[in-house]
Amino acid sequence: MTADTSPQALRTTAPVLDCAARLFAEHGSRGIAMSALTERIASETGTAAASLRRAFPTRFDLVYAVVLRSTRERVDGQLAADDAAAPARDRMADLVRRHVALGWKHRAATALGHELLPVLRAVHPSRHREIVCLTRAYREHLREIIRDGVVSRTFEIRDPGRAADEVLETLDSLLHWYDPDGGLSLEDLGAVYVDLVVHHHLGCPR
């Protein structure tokens, strides 16, 4: 038996997966026994523990569901929000702001994903492909915006694919240093990263 990770199931269990992500962030992916984890989630979300055990029979199922749901939300949200008719500079700036906000919201799941993917590749290739396909779709979307900017002479770079990889690496760096109590709001952080990506990485004149 495996976890039901269909889009409908993930939407209906969002409070469960948010709670699980927080507990994993607090205790590590293996720092709390599965039985205790299930009881904590049940207590905090008002979900029956028996239902949780049926939906997520193993720790691996629960971690996978947390990572898949956050990846879907980030990727599908970005693609749905993009205005393909807007100038490339505006599209990129909007994408960066959304990435910063969503990246911070899902920071615990992102960290879990870095831990999970190598394991998935070895023991569950189909689940690995599902997450990798989502991240590749996002990377391709970013590359297309950059390519459009090159065609319109907005961005001054030679290789849109390499630039997309560099932009994604830069955006994900915020997870390693940002402290919301440090005096920089999330909105201001988005502006910092827009400037860094649009002007530094992509060479768009100010």
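In this chain, numbering begins with 1 at the start of the sequence shown. Small disclaimer: the values here were computed from a predicted structure and weren't measured.
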Can you tell whether the side chains of [X] and [Y] come within less than 4.0 Å, N to carboxylate O?
X	Y	answer
Arg127	Asp61	yes
Arg136	Glu140	no
Arg53	Glu39	yes
Arg143	Asp165	no
Arg97	Glu187	no
Arg139	Glu144	no

Inset, instruction - Grab the two heavy atoms, one from Ala88 and one from Asp148, that are nearest each other, plus how far apart they are. - result: CB-C, 4.2 Å

Should [X] and [Y] be counted in the same cluster of Ile, Leu, Val, Met, Phe, Trp and Tyr side chains packed under 4.5 Å apart?
X	Y	result
Val151	Val167	no
Leu102	Leu174	no
Leu79	Leu134	yes

If we only count heavy atoms from C-beta on, is the [X] to [Y] side-chain gap below 4.5 Å?
X	Y	result
Ile41	Leu62	yes
Phe56	Thr38	no
Arg121	Arg129	no
Leu95	Asp82	no

Legend entry - Verdict with supporting geometry, Leu117 and Ile131, side-chain contact (heavy atoms from CB on, under 4.5 Å): CA-CA 8 Å; Leu117 280 175; Ile131 293 177; 3.9 Å; yes

Inset, instruction - Hey, can you tell me if Tyr193 and Trp177 have their rings parallel, tilted or perpendicular (30° and 60° cut-offs)? - result: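 Because their plane-to-plane angle is under 30°, the rings of Tyr193 and Trp177 count as parallel.
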
Inset, instruction - Under the side-chain contact (heavy atoms from CB on, under 4.5 Å) rule, what do Asp94 and Arg98 come out as? Steps first, then yes or no, please. - result: CA-CA 6 Å; Asp94 290 342; Arg98 289 191 298 267; 3.5 Å; yes

Please report the interatomic distance [atom1]([X]) to [atom2]([Y]), rounded to the nearest 0.5 Å.
X	Y	atom1	atom2	answer
Leu116	His124	CG	NE2	10.5 Å
Leu168	Thr135	CG	OG1	9.0 Å
Leu120	Tyr64	CG	OH	7.0 Å

For [Y], does its backbone N or O pair with a side-chain atom of [X] as donor and acceptor, under 3.5 Å?
X	Y	result
Arg59	Ser29	yes
Tyr138	Thr71	no
Ser43	Arg40	no
Tyr178	Leu184	yes
His199	Cys204	yes

Could you tell me whether the side chains of [X] and [Y] share a donor-acceptor contact shorter than 3.5 Å?
X	Y	value
Thr110	Arg107	no
Gln78	His141	no
His128	Ser126	no

Inset, instruction - Would you sort out whether Glu166 and His200 count as a side-chain contact (heavy atoms from CB on, under 4.5 Å), showing the intermediate values? - result: CA-CA 11 Å; Glu166 291 174 349; His200 177 71; over 6 Å; no

Inset, instruction - Check the pair Leu171 / Val96 against side-chain contact (heavy atoms from CB on, under 4.5 Å), numbers first and verdict last. - result: CA-CA 8 Å; Leu171 290 173; Val96 169; 3.7 Å; yes

Inset, instruction - Step through the shown structure and confirm whether more than 12 heavy atoms of other residues, nucleotides or ligands are within 6.0 Å of CD on Glu169. - result: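 Open: at most 12 neighbouring heavy atoms sit under 6.0 Å from CD of Glu169.
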
Legend entry - Stepwise salt bridge (charged side-chain N to carboxylate O under 4.0 Å, His left out) check, Arg91 with Asp83: CA-CA 7 Å; Arg91 294 172 69 194; Asp83 179 4; over 6 Å; no

